[in-house]
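From a predicted model like this one, the values you see are computed outputs, not experimental measurements. Note that these values count all heavy atoms, side chains included, but never hydrogens, waters or copies made by symmetry. Whatever order the structure lists them in is the order used to number ligands and atoms, beginning at 1.
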Amino acid sequence: MGFELEKLLRPHILQIKPYSSARDEYTGKVGIFLDANENPYGALTGEPFNRYPDPYQADIKEKLAPVKGVAKEQIFLGNGSDEAIDLLMRAFCVPGKDNIILLPPTYGMYEVSASINDIAIKRVNLTTDFQLRTSAILEAVDENSKIIFICSPNNPSGNKMDRNAIREIIQKFHGLVVVDEAYIDFSDEPSFTTELGHYPNLLVMQTFSKAWGLANLRIGMAFASEKIIRILNLIKPPYNISGLTQQKVLETLEKADQLEALVKEVMKERVMLVEALDDLSFVLECYPSHANFVLVKMDHAQKIYEYLIHEMIIVRDRSKVVLCEDCLRISVGTQEENTLLIEALTRYEPIIKNL
Ligand SMILES: *Cc1c(COP(=O)(O)O)cnc(C)c1O
């Protein structure tokens, strides 16, 4: 059997004729443009935003391909990774019939997007140390299972998944395996993009929102075979990445050689933060992190969460999430921010002790 993209896709997807936008039909950059009903005089601010942007973001892909070690044709760019997640559901899963497999505790958007699209969810919890239960995952697969989402490094636990376990799932599952690498820049693990050549059913997601510091612009990346990328491009809204975003991402990529130093700074702070947290008497465990946050198990997690809010320090309460009982998820801040957090927690220590 094996993976056959044409059979895995929703049948009607292969019949879709792409919307041909003005910027598709004429791709030249000079001329008198009277084809897209734009305002020729420009915007009220005087900024050059009156023209539609490149629907396929060619300039970004040109720069990004060598950074990521993939071909331009293997890159999809979306309005956040969240757009890629939604497009994958819509391309592969028949509403009311197909299902996806999720591995809780994990990123919430997979479930949100599946629910919006009326796609069933099968859940196979991770182990207590947040690793993949490979055989249970493969046993959960049925004939309507289309996508398995593996988040590595995982949100909210912060660990990376065992690489061979991921490989085994990709090899044995004949649907699509999405490896969400939103936090890969903070890990010592190489990206699964290096393995795209081996696996036609693999799609790797990354984002500009975390390490690259561009969460506000909304731009996510997906890397896969040219065939899969062509499908995502076929069904996306034509102008899904704004021109302003494209411009800022290009400027960022010009400085790609500085990313490593920025990431190192965050990782250095992560070490300091974990050391300080571990010294607090109510902290039971800081789970090992390959991301820019740490999951921390503590006594009275909810009380501490509320106390921190009162101190104007906002962390994420994950204490109601499966396998994350009594846990808060804390993003690594600047050195100053982390110090203020630790000072606030230290002030609270005697109160927690007396509870
Ligand atoms: C933050 C995050 C993303 C990024 O989403 P964007 O829509 O690109 O901002 C994707 N996956 C996971 C697991 C995340 O934590």
Taking only non-hydrogen atoms of Ala182 and a 4.0 Å limit, the atoms of ligand 1 in range are 2 (C), 3 (C), 10 (C), 11 (N), 12 (C), 14 (C)
Indicate the ring-plane relationship of Tyr348 and Tyr307, choosing parallel, tilted or perpendicular according to the 30° and 60° boundaries. parallel
Could you tell me whether some N/O pair between Ser209 and ligand 1 is separated by less than 3.5 angstrom?
-> yes
Atom 11 (N) of ligand 1: closest protein heavy atom, distance to 0.1 Å, is Asp180 OD2, 2.7 Å
Checklist entry - Quick check: does any side chain N or O of Glu111 sit under 3.5 Å from a backbone N or O of Gly108, one acting as donor and the other as acceptor? => result no
If we number the atoms of ligand 1 from 1 as shown, the ones under 4.0 Å from a heavy atom of Asp82 are 5 (O), 7 (O)
Parallel, tilted or perpendicular for Tyr183 and Phe293, by the 30°/60° rule? perpendicular
Q. Is it true that a side-chain atom of Thr207 and a backbone atom of Ala182 form a donor plus acceptor pair closer than 3.5 Å?
A. no
Out of Gly108, Ala291, Ser81, the nearest non-hydrogen contact to atom 6 (P) of ligand 1 is supplied by Ser81
Ranked by distance from atom 7 (O) of ligand 1, the top protein heavy atom is Arg218 NH2, 2.6 Å
Of all protein heavy atoms, the one nearest atom 1 (C) of ligand 1 is Lys210 NZ, 1.2 Å
* Strictly under 4.0 Å, does any heavy atom of Phe208 approach an atom of ligand 1? -> no
Cys151 heavy atoms within 4.0 Å reach ligand 1 at atoms 13 (C)
Only residue of Ile16, Leu88, Ile13 satisfying side chain to side chain contact (heavy atoms under 4.5 Å, CB included) with Ile231 is Ile13
Rounding to 0.5 Å, atoms CG (Leu87) and CD1 (Ile235) come to a distance of 4.5 Å
Ring centre gap for Phe192 and Tyr199 strictly below 6.0 Å
no
Atom 15 (O) of ligand 1 sits nearest the protein heavy atom Tyr183 OH, 2.6 Å
